[in-house]
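Lettering of chains follows the sequences in order, A, B, ..., and the numbering in each one begins at 1.
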Amino acid sequence: GAVVSQHPSWVICKSGTSVKIECRSLDFQATTMFWYRQFPKQSLMLMATSNEGSKATYEQGVEKDKFLINHASLTLSTLTVTSAHPEDSSFYICSAPRGGINTEAFFGQGTRLTVV
Amino acid sequence: AQSVAQPEDQVNVAEGNPLTVKCTYSVSGNPYLFWYVQYPNRGLQFLLKYITGDNLVKGSYGFEAEFNKSQTSFHLKKPSALVSDSALYFCAVRLGAAGNKLTFGGGTRVLVKP
């Protein structure tokens, strides 16, 4: 079964509103989680690293005020797309490593965001 | 900086034939290499990884991959492809010193025809 759960699977929102996406590790604690964005027929682009109890680390070119990340517990990270615009429409995926650097990362099911 | 290249955007193969998806990498240290598969509108599923040890790694669903240090490659293979193997495949690399951050290749779409 899934070890990382992402919710919602899809969401449609109006321009100017905010949308929150949740990423939960189901049977393990994750001090670090990762948020990716995937455009159609393209690879995953790392947006930010979510760190439990501290500020997220954003990749170059990603607006931290636009994409708010909160990692309030060892099993939950949230990504909030603020003041969404149509160009924010995309597939967002979270992941969490279950162990050390030798272990594979587990991915959520992804969230399809459509801003109208 | 670490990078991953998947030279083929798409691979077409007949069901029952061998399947190969190519991946080359560039890192300055010892690489940790991964293969993931993605079905439409889904997250990524782990297939296999190379950390150390035997160069031939066996993974889920009959897939295997061979780590070739001299050619800096980590090609994914399956001896007999199934129609259900049709999906998007990603190669990824992690440099141990860089923590858990993964760098993905561009992805290769596999189409297995009956």
When the 4.5 angstrom heavy-atom criterion is applied to Gln38(B) and chain A, the contacting part is side chain

_Side-chain ion pair, Glu59(A) and Lys101(B), N-O less than 4.0 Å_ = yes

Bottom line for Leu88(B): the part with an atom under 4.5 Å from chain A's heavy atoms is side chain

Turns out that what part of Phe104(B) lies under 4.5 Å from chain A's heavy atoms comes down to both

Could you tell me whether Asp9(B) and Arg109(B) make a salt bridge, using a distance below 4.0 angstrom between a side-chain N and a carboxylate O? no

Would the number of heavy atoms belonging to other residues, nucleotides or ligands and lying under 6.0 Å from NZ of Lys66(A) be above 12? yes

* To do: Give a yes or no on whether the ring-centroid distance for Tyr89(B) and Phe63(B) is below 6.0 angstrom.
  => yes

When the 4.5 angstrom heavy-atom criterion is applied to Gln6(A) and chain B, the contacting part is neither

